[in-house]
Amino acid sequence: MSFTFVLGALIILTVAGFYMGRSRSLADAGGTAQRLHSRPHYYGYFVALWCGIPTLLILGVWTMFQTPIIEMLVQNSLPETMLNGDPAEMSLIMNDIRNLASGNITSGEITPQIQAAADHYVSLNTTSSLAKFVVILAIGIAAIAFARSKINPALRARNQVEKTMMAILIVCSVIAILTTVGIVMSLVFESWRFFEKVSPAEFLFGLEWSPQTALRSDQVGASGAFGAIPLFAGTMLISLVAMCVAGPVGLLSAIYMAEYAPTKVRGAVKPALEVLAGIPTVVYGFFAALTVAPFLRDQGTMFGLDISSESALAAGLVMGIMIIPFVSSLSDDVINAVPQSLREGSLGLGATKSETIKRVILPAALPGIVGSFMLAISRAIGETMIVVMAAGLGANLTANPLEAVTTVTVQIVTLLVGDQEFDSAKTLAAFALGLVLFCVTLCLNIIAMAVVNKYREQYD
Amino acid sequence: MGEVNMNNAVEVTAPVASSDAARETKFHTRGVQVFYGEKQALFDVDLDIYENEVTALIGPSGCGKSTYLRTLNRMNDTIDICRVKGAIELDGTDIYSGSIDVVHLRARVGMVFQKPNPFPKSIYENIAYGPRIHGIATSKDDIDRIVEESLIKASLWEEVKDRLDEPGTGLSGGQQQRLCIARAIAVQPEVILMDEPCSALDPIATARIEELIDELRDNFTIVIVTHSMQQAARVSQRTAFFHLGDLVEVGETGKIFTTPQDQRTQDYITGRFG
């Protein structure tokens, strides 16, 4: 009895419950829906919810705990000789049993004991699945019967259904919030472990970044330096270059779209610009690395500039193109939200269109425009793929966009890619960097939201 | 229908015009037609607007009075689908001819809107906006003087002279509307168009604006669109009645309200429709 099969049966049962509840309510009311407290389909939902929610919960919990419990039973049934208490060896044996049961290749020779255990494992699994199916079906049918028996014309089915729906909605949003909290907590705890090894002051204000640490005590290697300033500087440099591209281009195209473009052009241009936001960042990444960076390097040679093949400029330019839609789309919205009466007021005084835009529209829309810039910056700071491919790895502390720099996100990637020990300072540094990144983008987003909200209050 | 009524209107206006030949014609409009896309909003409107007088445009909603008002400073240009036909002359010059710069026209013909629309700037900057963009004043002293004079003329000076730095949007509705009038005056226009300037205001604020309109008549030509017939009777010297895109009747305000020539005018001012 596979999970999908049980789930399918459950859905059919729930749908059946809906129709049974609805027809029962109509029958109780003598066929006239007006005598019921709620519309008949609410009685249907009432029965369906009674059937669906408990059975789905049981199905979920059962499926979650089925494997661990069965493995524990199998493990306990193993002969004493094999239980020597070594957890690593135990897990190897369990792995063999699992593989044998599912027909995969095992690591060692198959002893009769293991074969027996595997058979036991298979039989337990079958029993459990069958039992799950029977129990859930029984509970579902019992729930339908119970809910149906409660139906009478005075039952406030609508109120109960709506209360239940609200509870389901609350649970969904709580899940989303809890996940966020979980992510933050894991960041904080891992960072804590990092800061036990490296002092926060050194991390936040150190000027040298060289995270290579010795894996074994007899290794000769770099001692490891965890000063993150070069990374913050690199991130800011690339974001600055990106905003130098996205700011003017995005804002000016927003002004064109909102103030000058005929409706038809706007209808075509705005989605076209928004397509930029839909291009996968990895595509931007190789565009930056394979097209823009070599082009800049070659052009640089012509002007006698020494531009490295991986430069902050190339990464920043391409990132700027990527975040144009963030600026243009949001700015276009806020410019459009400026009341028409202000435009007319200004034009009525004999102002030209450009004077109106410069002196009335833009100042009025400024908070919203600032908000859109903030969101774009936080996007630029958190962007990873483009900089991984085009910005380089060397942690140079420089303000020259023609040199290779590295960013916080690039370092997180390099620290965590490949085989890692999850208790060395090197690996844990990634979490500390992640935490800083999270805090910065969170602050920027909060500021942006506050600014945008303040703006909204002004005209509503 | 339209033809017959036009004749009526001409019959009414003729004696009025001849009785006071000394008055200068500011706007001379003949055969004005306005279309929004395929829909015609105004049919052959012939109307003269005289200098230093308040002309009220009345009529039920959708009759075209606001549309007509907005042709006088080409505010309809901002609507893509709007087309204007006919002759509209300001001091004898066709304002729709290619030689007229709409920016100069709007500097000469100011406008006050239905809803007070101060810019989200300080009171001072709201007034200084127009003079600055037209280069009427460049030095700080000149602008200070214009701001003060305009606010005095709009009878707002006493209320705001100590808080010129505060945002114009923070004033009350009536004060905002007087600020908008002051803003229009600051550009030193010849004509001020008012599109239902009191419809968003309470009776006290309305009374102040009406007083103000009466004072402004000495220096400006005023055209006001209003839904309130009492207001038209109180502030205007001449009244034009629009109905379904036609100019039905125009004449001395007193005559329009006491002895209207057209049955529809009669019905409207006695409250039988509209």
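Proteins get letters first, then strands, A, B, ... in listed order; numbering begins at 1 in each.
- Leu342(A) and Pro120(B) make their closest contact through CD1-CD, 3.7 Å (heavy atoms, listed as atom of the first residue, atom of the second, distance).
- Remark: Phe295(A) CZ is loosely packed, at most 12 non-hydrogen atoms of other residues, nucleotides or ligands lying under 6.0 Å away.
- Residue contact with chain A, scored on non-hydrogen atoms closer than 4.5 Å, involves the side chain of Arg70(B) exclusively.
- Atom CG of residue Asp77(B) and atom CG of residue Leu347(A) lie 9.5 Å apart, to the nearest 0.5 angstrom.
- In this structure, CD in Gln340(A) is found 9.5 Å from CZ in Phe113(B), a value given to the nearest 0.5 Å.
- When each of Val103(B), Val102(B), Asp101(B) is checked for a side chain to side chain contact (heavy atoms under 4.5 Å, CB included) with Thr352(A), only Val103(B) meets the rule.
- For Val187(B), the part lying near chain A is the side chain, with the backbone staying farther off; criterion is any non-hydrogen pair under 4.5 Å.
- Taking every heavy atom of both residues into account, Thr78(B) and Glu344(A) meet most closely at OG1-OE2, 4.3 Å.
- Within 6.0 Å of the CZ atom in Phe205(A), the count of heavy atoms belonging to other residues, nucleotides or ligands does not exceed 12.
- Panel note: side chain His134(B), backbone Leu349(A); a donor-acceptor pair is recorded below 3.5 Å.
- Contact annotation for Val112(B): neither backbone nor side-chain heavy atoms come within less than 4.5 Å of a heavy atom of chain A.
- Heavy atoms of Pro189(B) lying under 4.5 Å from chain A are absent altogether.
- Checking side-chain atoms of Lys121(B) against main-chain N and O of Arg359(A) turns up a donor-acceptor pair under 3.5 Å.
- Between the CZ atom of Arg183(B) and the OG atom of Ser346(A) there is a distance of 8.0 Å, given to the nearest 0.5 Å.
- The two atoms that bring Gly345(A) and Phe119(B) nearest to each other are C-CZ, 4.0 Å, heavy atoms only.
- Sparse packing is recorded around CZ of Arg39(A), with 12 or fewer heavy atoms of other residues, nucleotides or ligands lying under 6.0 Å away.
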